[in-house]
Amino acid sequence: MAQVKKVALLTAGGFAPCLSTAIGGLVKRYTEVAPDVEIIAYRYGYQGLLKGDFLEITDEVRAKADVLHRFGGSPIGNSRVKLTNKEDLVKRGLVAEGEDPLKVAADRLVADGVDVLHTIGGDDTNTTAADLAGYLAENDYGLTVVGLPKTIDNDIIPIRQSLGAWTAAEQGAKFAANVVAEHNSGSRMLIIHEVMGRNCGYLTAATAQKYRQWLDSQEWVPEIGLSREAWDIHAVYVPEAGIDLDAEAERLNKVMDTVGNVTIFLSEGAGLDAIVADLEKSGEEVPRDPFGHVKLDKINPGAWFGKQFAQRLSAEKTMVQKSGYFSRSAASNEADLELIGRCTDLAVECALSGRSGVIGQDEEAGDVLTNIAFDRIKGGKPFDITQPWFTQMLSEIGQPAPAQN
């Protein structure tokens, strides 16, 4: 490969607590090992790539790259753009009718003098990067694409731990602590903590685990009503496990009668098929994004479950709170900072040697941190509901062992 003279960065998809850190890590590492390499950052992900809208990484930015580690979000902006969804891109004015978006993107990279493109995103971002990398290779563009795996759902195949997921669970637990404090703002209180997770229950389960670890660290005064039982989680529902509403209502009614409140941690993708079927049966249109995913924020699974359980539990008050935007926009915690640092170092090494792929811990190769070929990257990795830590947690809260959905 010819010497790398210019690299471009972009972040895409939903936010996760790693984007700003990953940008800072890449900028810092290039400055350390290849300071002459020019760096640009496309604004708002693939949208900026198609439009040629980018920021130049100046010496001032390089000198302050570490500052980005202190913030969540993405300073360069995100968007949800799929390069193979021509109809959507034409509708949004990002390409003209009859244009091939992959060719538009490839030609833009060439026009901007880019030798390496770093994509930071989840499965949709990296499968889109795979489409682009394949097009570049097939048409002899001679560019390298190196991805970093971002998703709070931790559902990228075959990656063990996606960047930002640890932080999101920790932040979700922090959010929950204040929400669950509402448990005695009324009698027979039903609280539903809705956690992001379209097809994968990892974040819901990990958030519940983090929250219960926080409970373990607290001192309680049950004589005045400050009891762990009231602050605890009473049910955890994930997409991978079936939910028997009637059986769970019978179990949780006993909790409500005894404790005075019920708290449920609910993955927003849990019971999705039932919710969509219910909406379509009533004649409602189910909104979907450019990737074909149901827009969960539009159909509001938490409210649907709240309605089902409120009736069955004779709840006098129901509260549904979503932690997703609080969690996904947080700054990286220490564990994520360390993992992101190792990933950005390897990403730069691969970029400078012309090796395309996605940087991650390969579950199919002993969890070694490596450069994974794009054609092995897939979304929708299910959460393993048979893991001992998860089944033990359910046992401790009195919930039956989960049955595969």
Side-chain angles (χ1 to χ4, degrees), residues 1-13 19 22-23 26-27 30 34 36-58 61 74-148 150 289-291 347-348 350-359 371 373-375 377:
M1 177 183 173
Q3 182 182 2
V4 174
K5 297 180 180 179
K6 190 173 188 177
V7 303
L9 321 176
L10 66 79
T11 57
L19 298 175
I23 294 167
L26 289 169
V27 170
Y30 273 111
D36 293 333
V37 170
E38 186 180 351
I39 308 173
I40 64 172
Y42 287 109
R43 302 180 71 229
Y44 305 109
Y46 291 109
Q47 174 180 312
L49 172 56
L50 291 171
K51 295 172 65 176
D53 180 12
F54 61 82
L55 301 169
E56 295 184 2
I57 304 303
T58 63
V61 174
S74 171
I76 61 177
N78 282 31
S79 64
R80 292 189 182 276
V81 171
K82 187 174 179 64
L83 293 181
T84 55
N85 190 338
K86 297 180 182 180
E87 182 180 352
D88 176 66
L89 297 178
V90 170
K91 182 179 178 181
R92 294 163 67 172
L94 296 177
V95 299
E97 188 73 51
E99 285 187 312
D100 180 351
L102 288 170
K103 186 176 189 305
V104 173
D107 288 345
R108 171 57 61 184
L109 289 168
V110 171
D112 292 340
V114 174
D115 302 303
V116 174
L117 174 65
H118 285 287
T119 59
I120 310 165
D123 57 294
D124 287 333
T125 298
N126 282 304
T127 52
T128 296
D131 293 332
L132 179 57
Y135 183 90
L136 293 169
E138 290 168 10
N139 293 276
D140 298 322
Y141 278 81
L143 277 76
T144 300
V145 182
V146 181
L148 289 168
K150 169 262 356 165
D289 68 16
F291 293 87
V348 171
C350 291
L352 294 176
S353 59
R355 291 179 286 152
S356 291
V358 178
I359 306 301
N371 190 15
F374 274 112
D375 61 9
I377 300 296

Quick check: do L109 and L132 have side-chain heavy atoms less than 4.5 Å from each other? yes
For R43, the side-chain hydrogen bond (donor to acceptor under 3.5 Å, both in side chains) test, sequence neighbours excluded, returns D53
Hey, what's the ring geometry for F54 with Y42, parallel, tilted or perpendicular (30° and 60° as the breaks)?
-> perpendicular
A133 meets the side chain to side chain contact (heavy atoms under 4.5 Å, CB included) criterion, sequence neighbours left out, with V145, F374
With sequence neighbours left out, the residues meeting side chain to side chain contact (heavy atoms under 4.5 Å, CB included) with V61 are I57, T58
Open item on the list: Quick one, I23 and S74 - any side-chain contact, counting heavy atoms below 4.5 Å?
Closed with: yes
d(K6 NZ, I40 CD1) to nearest 0.5 Å is 4.5 Å
Across all chains, not counting sequence neighbours, the salt bridge (charged side-chain N to carboxylate O under 4.0 Å, His left out) partners of D112 are R108
side-chain hydrogen bond (donor to acceptor under 3.5 Å, both in side chains) filter on Y30, not counting sequence neighbours, yields H118
Sorted by chain and number, sequence neighbours left out, side-chain hydrogen bond (donor to acceptor under 3.5 Å, both in side chains) with K103 holds for D107
Checklist entry - Do the non-hydrogen side-chain atoms of V27 and L9 ever get within less than 4.5 Å of each other? => result yes
>> So does Y44 get a backbone contact from the side chain of S79, meaning a donor-acceptor N/O pair under 3.5 Å?
In response: yes
